[in-house]
Asks: 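Handing you a structure now.
Throughout, numbering of the chain's residues begins at 1 and tracks the sequence.
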Amino acid sequence: MTEAPKIVASDAEKRAAIAALNAFRDSDSGGVWPHLDKAEIISEMRSRLHSPFRVNQGQQPFCGPASILFELIRKFPLRYVELCQSLYETGGFQAQTRQIQASGALRQASQGELRMGPADWMVLATLRESENFLFPVEPNAPELVRNLAGMTKFWEMKGWVREILGYSRVEYFHTYVLRDLAALKKSQQILDQGGVALGLVTAENLLGQEKSRITVPNHWIALVGNVDIQKGTFWQHDSGHVSFDVFTWAKRVTIEADEGVFEDAFWGVVLGYET
């Protein structure tokens with residue numbers, strides 16, 4: 001009998017993660033983040049284990065790593081707890097093929113107005129710093145500098161899907177002309193078999209109230225399913241319509257858009273899955 005694909009973590013895996021979190025709470029090991037409070041971190045982690053949709057990038061430009069963290073908690077909660085404990089106590093953690101380490105400068109700078117919770121900050125800032133070569137990650141830097149430091153490219157997302165989520169097959173589905181709907185269909189197929197689909201979009205046009213005339217790729221989302229495509233008919237001049245559910249900005253959102261708007265605002269999707 002073929003085993004059903006793992007869409008989210010099982011109840012047993014969630015219980016194991018809670019037990020590991022309690023052990024982390026009771027551990028006498030100190031932390032290497034001098035300005036982050038362990039009790040606050042534990043409390044925030046517990047809320048994320050209860051609902052991964054609470055992962056919150058706040059006012060930091062961390063949408064890419066936030067989508068990765070959301071899927072880590074949703075699918076591999078025990079790995080999330082182990083990663084956070086190692087990061088808090090040692091300043092780093094072992095990914096699939098490499099060690100990811102928060103610099104001493106980042107750990108010292110993690111104070112004041114983080115614009116987000118300490119547990120999310122610790123992970124997201126470390127992931128973002130691990131890919132930065134020119135711009136340091138600093139919570140209180142000017143907005144322009146923070147945005148430059150926070151930009152996430154698709155190849156970085158592919159790397160995190162391998163290294164953090166552990167998927168062996170990772171690809172970026174470019175949505176060139178007339179491939180947007182194919183990418184959306186493929187995303188649902190990957191989700192159905194237990195994988196992840198992380199989309200790059202123009203946030204204003206798919207998630208905002210005021211549409212932008214200039215469409216640029218500026219936001220990563222995690223698709224979570226319920227894809228529905230109503231294809232338009234050329235002879236009736238019907239543009240068609242799409243809807244699908246995503247994680248973004250600490251909540252579940254149903255995106256609904258006419259086909260033309262969607263095609264202009266959906267730039268591609270990183271897919272992670274097992275063969």
Side-chain angles (χ1 to χ4, degrees), residues 6-58 60 62 64-131 137 139 159-167 196 222 247 250-251 272:
K6 175 182 175 180
I7 306 301
V8 296
S10 67
D11 289 343
E13 289 172 313
K14 293 175 184 177
R15 288 193 296 270
I18 292 296
L21 181 64
N22 291 337
F24 176 23
R25 177 198 62 196
D26 298 337
S27 171
D28 293 330
S29 299
V32 296
W33 300 74
H35 308 293
L36 299 185
D37 182 74
K38 180 178 178 180
E40 290 184 16
I41 289 173
I42 296 294
S43 176
E44 186 175 313
M45 289 175 62
R46 196 177 301 279
S47 77
R48 274 48 175 171
L49 288 172
H50 179 70
S51 174
F53 286 93
R54 292 176 179 169
V55 169
N56 193 349
Q57 71 183 81
Q60 299 289 0
F62 292 161
S67 297
I68 297 292
L69 181 58
F70 163 76
E71 290 290 17
L72 176 66
I73 301 170
R74 192 164 80 114
K75 294 179 179 293
F76 312 107
L78 179 57
R79 190 184 305 173
Y80 163 67
V81 175
E82 293 170 343
L83 181 155
C84 286
Q85 182 170 5
S86 178
L87 187 55
Y88 177 76
E89 294 178 350
T90 72
F93 62 91
Q94 179 62 44
Q96 294 295 313
T97 66
R98 66 187 178 101
Q99 180 76 12
I100 294 180
Q101 196 75 25
S103 69
L106 174 61
R107 288 184 275 117
Q108 286 293 332
S110 298
Q111 59 179 307
E113 181 52 63
L114 298 177
R115 298 178 172 84
M116 60 192 301
D120 290 344
W121 166 265
M122 186 174 65
V123 178
L124 302 185
T126 298
L127 290 181
R128 185 61 268 157
E129 185 192 54
S130 72
E131 299 294 333
V137 177
W160 288 331
V161 170
R162 289 193 188 95
E163 292 292 333
I164 308 303
L165 301 182
Y167 287 99
V196 296
F247 159 79
K251 57 188 175 182

Asks: For the pair Glu163 (side chain) and Ala95 (backbone), establish whether a donor and an acceptor sit closer than 3.5 Å, ignoring hydrogens and angles.
Replies: no
Asks: Taking side chain to side chain donor-acceptor pair (under 3.5 Å) as the test, write out the residues that go with Asp120, two or more places apart.
Replies: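 For Asp120 the side chain to side chain donor-acceptor pair (under 3.5 Å) partners, ignoring immediate neighbours, are Arg48.
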Asks: Could you pull out the closest heavy-atom pair between Ser110 and Trp121, with the gap in Å?
Replies: OG-NE1, 2.7 Å
Asks: Residues two or more places apart in sequence or in another chain: which of them pass side-chain contact (heavy atoms from CB on, under 4.5 Å) with Ala20?
Replies: Leu78, Val81
Asks: Considering all heavy atoms of both residues, which atom of Leu127 and which atom of Ile164 are nearest to each other, and what is their separation?
Replies: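 Distance-wise, the nearest heavy atoms are CD2-CD1, 3.8 Å.
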Asks: Output the distance between atom CE (Met116) and atom CD (Gln57), rounded to the nearest 0.5 Å.
Replies: 7.5 Å
Asks: Any side-chain heavy atom of Leu124 within less than 4.5 Å of one from Gln60?
Replies: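 Answer no - side chains too far apart.
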Asks: Rounded to the nearest 0.5 Å, what separation is found between the CD1 atom of Ile73 and the CZ atom of Phe247?
Replies: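 Answer rounded to 0.5 Å: 8.5 Å.
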Asks: Which residues pass the side chain to side chain donor-acceptor pair (under 3.5 Å) test with Glu82, not counting sequence neighbours?
Replies: none
Asks: Taking only residues two or more places apart in sequence or in another chain, which ones pass ring pair (Phe, Tyr, Trp, His ring centres under 6.0 Å) with Phe93?
Replies: none
Asks: Side chains of Arg128 and Phe62, heavy atoms from C-beta outward: is any pair under 4.5 Å?
Replies: yes
Asks: Determine whether Val123 and Cys84 make a side-chain contact, defined as any pair of heavy atoms from C-beta on separated by less than 4.5 Å.
Replies: yes
Asks: Run the side-chain contact (heavy atoms from CB on, under 4.5 Å) test against Ile18 and tell me which residues pass, sequence neighbours left out.
Replies: Asn22, Arg46, Leu49
Asks: Check whether any side-chain heavy atom of Trp160 sits under 4.5 Å from a side-chain heavy atom of Leu165, and report yes or no.
Replies: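 SC-SC contact between Trp160 and Leu165 ruled out.
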Asks: Measure the shortest side-chain to side-chain distance between Asn56 and Phe70 over non-hydrogen atoms and say whether it is less than 4.5 angstrom.
Replies: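 Counting from C-beta outward, Asn56 and Phe70 never come under 4.5 Å.
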Asks: What are the two closest non-hydrogen atoms of Pro118 and Ile41, and how far apart are they?
Replies: CB-CG1, 4.0 Å
Asks: Determine whether Glu13 and Ser10 satisfy the following criterion, side-chain hydrogen bond (donor to acceptor under 3.5 Å, both in side chains), listing intermediate values before the conclusion.
Replies: CA-CA 5 Å; Glu13 289 172 313; Ser10 67; 3.2 Å; yes
Asks: Could you tell me which non-hydrogen atom of Ser27 sits nearest to which non-hydrogen atom of Glu89, and how far apart they are?
Replies: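 So the minimum-distance heavy-atom pair works out to OG-OE2, 3.4 Å.
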Asks: Hey, could you give me each pair passing salt bridge (Lys or Arg N to Asp or Glu O under 4.0 Å) that has a residue in residues 97-107? Not counting sequence neighbours.
Replies: Arg98-Glu131
Asks: Evaluate the side-chain proximity of Met122 to Tyr88: yes if any heavy-atom separation is below 4.5 Å, no if none is.
Replies: yes
Asks: I need the full list of side-chain hydrogen bond (donor to acceptor under 3.5 Å, both in side chains) pairs touching residues 33-44, with sequence neighbours left out, sorted by first then second residue.
Replies: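 side-chain hydrogen bond (donor to acceptor under 3.5 Å, both in side chains) check on residues 33-44 returns His35-Gln111.
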Asks: So, using side-chain contact (heavy atoms from CB on, under 4.5 Å) as the criterion, who are the partners of Asp26 when residues are at least two apart?
Replies: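 Asp26 satisfies side-chain contact (heavy atoms from CB on, under 4.5 Å) with no residue once adjacent residues are dropped.
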Asks: Answer yes or no: is there a donor N or O on one side and an acceptor on the other, between the side chain of Gln108 and the main chain of Ala105, under 3.5 Å?
Replies: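 Answer holds: no.
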Asks: For Arg115, is there any backbone N or O sitting under 3.5 Å from a side-chain donor or acceptor partner on Glu113?
Replies: yes
Asks: Stepwise, does the side chain to side chain contact (heavy atoms under 4.5 Å, CB included) test hold for Ser29 with Gln85?
Replies: CA-CA 10 Å; Ser29 299; Gln85 182 170 5; 5.9 Å; no
Asks: Say you draw a straight line from CZ of Arg54 to NZ of Lys251; how long is it, rounded to the nearest 0.5 Å?
Replies: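 The CZ atom of Arg54 sits 15.0 Å away from the NZ atom of Lys251.
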Asks: Under the rule for ring pair (Phe, Tyr, Trp, His ring centres under 6.0 Å), what residues qualify as partners of Tyr80, not counting sequence neighbours?
Replies: none
Asks: Just to verify, what does Glu71 make a side chain to side chain donor-acceptor pair (under 3.5 Å) with, not counting sequence neighbours?
Replies: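 For Glu71, the residues satisfying side chain to side chain donor-acceptor pair (under 3.5 Å) (neighbours in sequence not counted) are Arg74.
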Asks: Can you list everything that forms a side chain to side chain donor-acceptor pair (under 3.5 Å) with Gln101? Sequence neighbours excluded, please.
Replies: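 Listed in chain order: Gln99.
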Asks: Listed by chain and number, what are the side-chain contact (heavy atoms from CB on, under 4.5 Å) partners of Thr90, not counting sequence neighbours?
Replies: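 Result, side-chain contact (heavy atoms from CB on, under 4.5 Å) vs Thr90: Ser86.
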Asks: Tell me the closest heavy-atom pair linking Met45 and Ala119, and the distance in Å.
Replies: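 Closest pair (atom of Met45, atom of Ala119, distance): CG-CB, 3.9 Å.
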